[in-house]
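To keep things clear, I will list the structure first and then write my remarks on it.
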Amino acid sequence: MATELVVESINDYKGESHVATTNACKLCTPLGATVAFKGVEGAIPFLHGSQGCATYMRRYIISHFREPMDIASSSLGEKNAIYGGGPNLKKGLLNAMQKYGAKVVGVATTCLTETIGDDVGRILAEFREEFGDLPLAEVVHVSTPSYSGTHMDGFHGAVKALADQLCLEGAPATGRVNLMPGMVSPADIRHLKEIFSAFGVTPTVLPDYSETLDGPALLEYENIPSGGTPLADIRAMGGATASIELGRAITTQETAGTSLESRFGVPLKRLGLPMGIRETDSLFEALKAITGREPSRELSLERGRYIDSLVDGHKYVSGMRAVVYGEEDLVIGLTSFLAEIGVIPVLVATGAKNRNLEAHIRAACGDVLREMPLVRENVDFFDIVEEAGALKPDLLVGHSKGQKAARDWNIPLLRCGFPIHDRFGGQRLLHVGYRGAQSLFDRLVNMVLEKKQTDSDIGYGYL
Ligand code: SF4
């Protein structure tokens with residue numbers, strides 16, 4: 001007689017002996033690498049693995065950025081899982097170079113090729129030898145097993161691979177500043193470039209997908225969209241005056257910034273994502289120290305206007321309880337921003353692990369935080385919802401995956417970061433700088449007011 005398996009609740013799967021992930025609060029590792037590779041001029045991301053991985057990532061990324069997202073693939077099948085994917089990788093690289101005219105191909109591995117143990121470095125060396133008589137593009141590769149990391153690991157790994165494999169020895173002094181902004185929005189990258197320019201310095205932003213993933217409408221389709229960090233600029237990064245790397249949680253990793261410092265002696269300044277006043281002030285202080293210049297009057301006015309708006313609007317949000325979730329560096333920045341405006345973060349959660357998140361939140365928030373929130377790493381949305389429910393939050397702050405919980409609890413969701421799949425314009429959301437803080441604050445206050453109006457029997461039309 002067949003035994004029937006009765007599952008009363010998801011808890012049956014999450015006992016001590018077995019842990020299942022339910023709606024992960026992180027994304028696939030090579031997905032982050034493909035976004036990073038999109039930020040190099042003339043580059044095409046290439047997945048060494050099955051076709052399905054590339055299709056999933058294309059669909060996922062397009063839904064947020066609303067731009068074409070070509071990802072080449074070595075399209076491995078069952079036979080390759082046994083005999084290895086080398087021949088497919090070589091053939092796919094040639095196709096990508098010839099059909100797209102790519103100047104750079106960014107190869108990221110997938111779960112399949114990591115599991116079968118393909119030696120991509122060796123295969124690429126063979127490829128260069130076999131096809132050395134052809135005009136080959138640069139090929140950069142990064143190892144991105146998704147079972148041991150998150151999309152942020154893939155993103156930072158790809159940026160480091162670009163610096164390691166493309167920067168040249170003996171680059172002359174450029175007078176530039178390298179900026180590794182982390183996985184921020186195209187609008188954030190544009191604003192960061194504007195801030196650097198206001199201090200009279202040209203940044204080499206790695207990666208820069210501000211145009212490739214948020215470009216203008218064109219009459220002619222471009223196989224590879226215009227924009228991205230030029231290859232010549234990447235090669236010259238060793239000649240920069242300094243590097244700035246944004247993200248407190250990446251201190252546990254070797255990065256492009258540490259690589260440029262150890263190989264070429266480019267001094268590295270690591271800062272938190274510049275969200276809210278104090279973290280943005282830190283970026284401005286760093287730029288002042290590097291350039292010897294004061295910020296422009298326009299940027300100073302933005303800071304002043306933001307503070308004025310806090311005076312006007314803090315009463316609408318002060319004391320509200322927020323649950324913050326998402327990428328590790330983003331949640332640190334958001335927690336600092338919320339604490340500054342008087343919102344009480346009660347739970348801060350990320351799907352990443354071993355990021356020292358609690359210590360980074362203490363450092364970013366200082367004494368602005370009224371009380372330390374619960375901080376959780378390596379959690380999924382099952383864990384977040386279970387713990388958050390008991391905390392009776394008034395707000396959710398994170399990407400669009402929190403939409404169901406927000407609806408169930410009838411509370412507003414301030415959409416930030418990646419992915420935003422259920423709203424329009426995710427790629428144009430601004431988070432950084434005083435201008436980004438202003439945008440977040442205005443959106444938040446208006447969401448709270450809208451809910452009050454909607455919930456009120458009589459409503460009101462005048463603040
Ligand atoms: S199999 Fe691995 S690499 Fe492919 S989509 Fe799934 S998590 Fe990503």
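Just follow the structure's listing: the first ligand is 1, and inside any ligand the first atom is 1.
Atoms of the protein (N, O or S only) found under 2.8 Å from atom 8 (Fe) of ligand 1 are Cys28 SG.
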Table please: side-chain donor-acceptor pairs of residues 92-108 below 3.5 Å, with sequence neighbours left out.
from	atom 1	to	atom 2	distance (Å)
Tyr100	OH	Asp70	OD2	3.3
Lys103	NZ	Glu41	OE1	3.4

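Ring pair His421/Phe418 is perpendicular by interplanar angle, where above 60° counts as perpendicular and below 30° as parallel.
No more than 12 heavy-atom neighbours from other residues, nucleotides or ligands sit within 6.0 angstrom of CZ on Arg407.
Distance check for atom 2 (Fe) of ligand 1: a protein heavy atom is found below 4.0 Å.
The distance between the ring centers of Tyr325 and His399 falls below 6.0 angstrom.
The side-chain contact (heavy atoms from CB on, under 4.5 Å) with Leu162 is formed by just one residue from the set Thr229, Val142, Val140; it is Val140. When each of Leu396, Leu413, Asp408 is tested with Gln403 by the rule side-chain contact (heavy atoms from CB on, under 4.5 Å), just one qualifies, namely Leu413.
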